[in-house]
Undergrad: 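The structure under discussion is supplied below as structure tokens; questions concerning it will follow.
Counting starts at 1 for both ligands and their atoms, following the listed order. Quick caveat, the model's predicted, so the values are computed rather than measured.
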Amino acid sequence: MSLGLVVAGESHGPALVAIVTGVPAGLVLDKDAIDADLRRRQEGYGRSPHQQLEQDEVEVLAGLRHGRTLGTPLALVVRNRDHRNWLWGMSPWPPEGDPSGKGTKPVTLPRPGHADLPGVLKFGHADVRDSLERASARHTAVHVAAGAVAKALLRELDVDVEGTVLAIGGAVDEDDRRAAIDAARADRDTLGGVVEVLATGCPPGLGSYATKEERLDARLAAALMGIQAVKGVEIGDGFALAGRRGTEAHDEIEPGLRRRTNRAGGLEAGVTNGEPLLVRAAMKPLPTLMRPLDSVNLATGEAAQALVERSDTAAVEALAVVAEAAVAWELARAVREKFGGDSLADLVAAHRAYLGRIAWSRTP
Ligand code: EPS
């Protein structure tokens, strides 16, 4: 038993869609809680007018009845309000009549750092828009909706997951981060940053060292690297561990099987050890720039400046929410694999029996 997720949707298309499988029957979902996470993803300082145009809310088309999951595939939809401005440009069918408006003119100036060039080469597209629409981080919205389902499941086991921003453009303090965004925006530039996700209440034993595919550290790294613009992932003290001696790198075990420190970030050999799970992700500065970098016009082969478009200055606050959803999703998957159950009651009972066997309580 595991969780499955398939997401479809283009940035300016009609909607974003997620099919979620493997959620046990009887889990109560709260629309307000899912919508609150969608709003959190949108609230960050430094986003573009496009992002502000969207007012995301979840629709559930299947798998839920009267607020309770049925144990069948859940179909989640987040509509793109901006689509009404792209009816021709992003029409799924050949547009009839007089095609004009946004998105109808082919994009031929790939942005360094975006999917534009690798995308058109890989798929044989003539219009960069055929790549950029799907590569856009817009569809993180519906991943956050799926993550909210995962968080609801985890909460039944007293597991909480929270993402926070550590730095934006190198600035750590909140006021400095805002100032860094204002300065970058004034320079018509963009910023990246670092986020952290903390998960508390994980029992020891999620994930496995048996195969590399089951290692929870590998799965978390893949989930975080799967988010647009993420270029680095660290678990626990991560890169700093490489410079320490062994006696200062590991977490000594005390009676009661708790640890004196948490340098491993709650994961040893790809398995949770009962300490808080701690992961970080580094985001590169966004590649859509108002001050374009050198590129090539794909229609002529001549040197040119990359596409200039409205742009987010920074989306690091959104990344904190998206990374939280990604970590929650991977943890919920590991929970489903370990505890199984067709109904939530079966799952909770299996979890309780396991904690009893290993004599483990959430608080030492
Ligand atoms: C994005 C580019 C921007 C963002 C968008 C993701 O859109 P546009 O190019 O239309 O201005 O605003 O993010 C969202 C709309 C969102 O909801 O997060 C990109 O290229 O990834």
Undergrad: Using a strict cut-off of 4.0 Å, indicate which atoms of ligand 1 neighbour a heavy atom of Ser48.
TA: 11 (O), 12 (O)
Undergrad: Under 6.0 Å from the ring centre and within 45 degrees of the ring axis: does the NZ or CZ of Arg280 meet both conditions for the six-membered ring of Phe239?
TA: no
Undergrad: Specify the protein heavy atom at minimum distance from atom 2 (C) of ligand 1: its residue, its atom name, and the distance to 0.1 Å.
TA: Asp312 OD2, 4.1 Å
Undergrad: Can you tell me the protein heavy atom closest to atom 13 (O) of ligand 1 and the distance?
TA: Arg47 NH2, 3.2 Å
Undergrad: Once you round to the nearest 0.5 Å, how far does CG of Leu220 lie from CG of Leu277?
TA: 6.0 Å
Undergrad: Can you see whether Ser131 engages Asp116 through a side-chain donor-acceptor pair at a distance of less than 3.5 angstrom?
TA: no
Undergrad: Please verify whether a non-hydrogen atom of Ala141 lies at under 4.0 Å from ligand 1.
TA: no
Undergrad: Name the closest protein heavy atom to atom 8 (P) of ligand 1, giving the residue it belongs to and the distance to 0.1 Å.
TA: His50 ND1, 3.2 Å
Undergrad: Would you give the length of the straight line joining atom CD of Glu133 to atom OG of Ser11, rounded to the nearest 0.5 angstrom?
TA: 5.0 Å
Undergrad: At what distance is the nearest protein heavy atom to atom 11 (O) of ligand 1, and which residue and atom is it?
TA: Arg310 NE, 2.7 Å
Undergrad: Please verify the inter-ring angle class for His139 with His143; under 30° counts as parallel, over 60° as perpendicular, anything in between as tilted.
TA: tilted
Undergrad: Classify the side-chain pair Asn262/Glu275 by whether it contains a donor and acceptor separated by less than 3.5 Å.
TA: no
Undergrad: Should one rank His139, Arg138, Arg41, His12 by closest heavy-atom distance to atom 18 (O) of ligand 1, which comes out on top?
TA: Arg41
Undergrad: Specify the protein heavy atom at minimum distance from atom 21 (O) of ligand 1: its residue, its atom name, and the distance to 0.1 Å.
TA: Ala137 N, 2.7 Å
Undergrad: Please find the pair of heavy atoms, one from Thr272 and one from Leu206, that lie closest to each other, and give the distance.
TA: OG1-N, 2.8 Å
Undergrad: Starting from atom 9 (O) of ligand 1, which protein heavy atom do you reach first, and at what distance in Å?
TA: Glu309 OE1, 3.7 Å
Undergrad: Can you list the atoms of ligand 1 that are under 4.0 Å from a heavy atom of His114?
TA: 20 (O)
Undergrad: Please state whether the rings of Phe339 and His351 are parallel, tilted or perpendicular, taking 30° and 60° as the class boundaries.
TA: perpendicular
Undergrad: Considering heavy atoms of the protein only, find what lies nearest to atom 6 (C) of ligand 1 and give residue, atom and distance to 0.1 Å.
TA: Ser136 OG, 3.4 Å
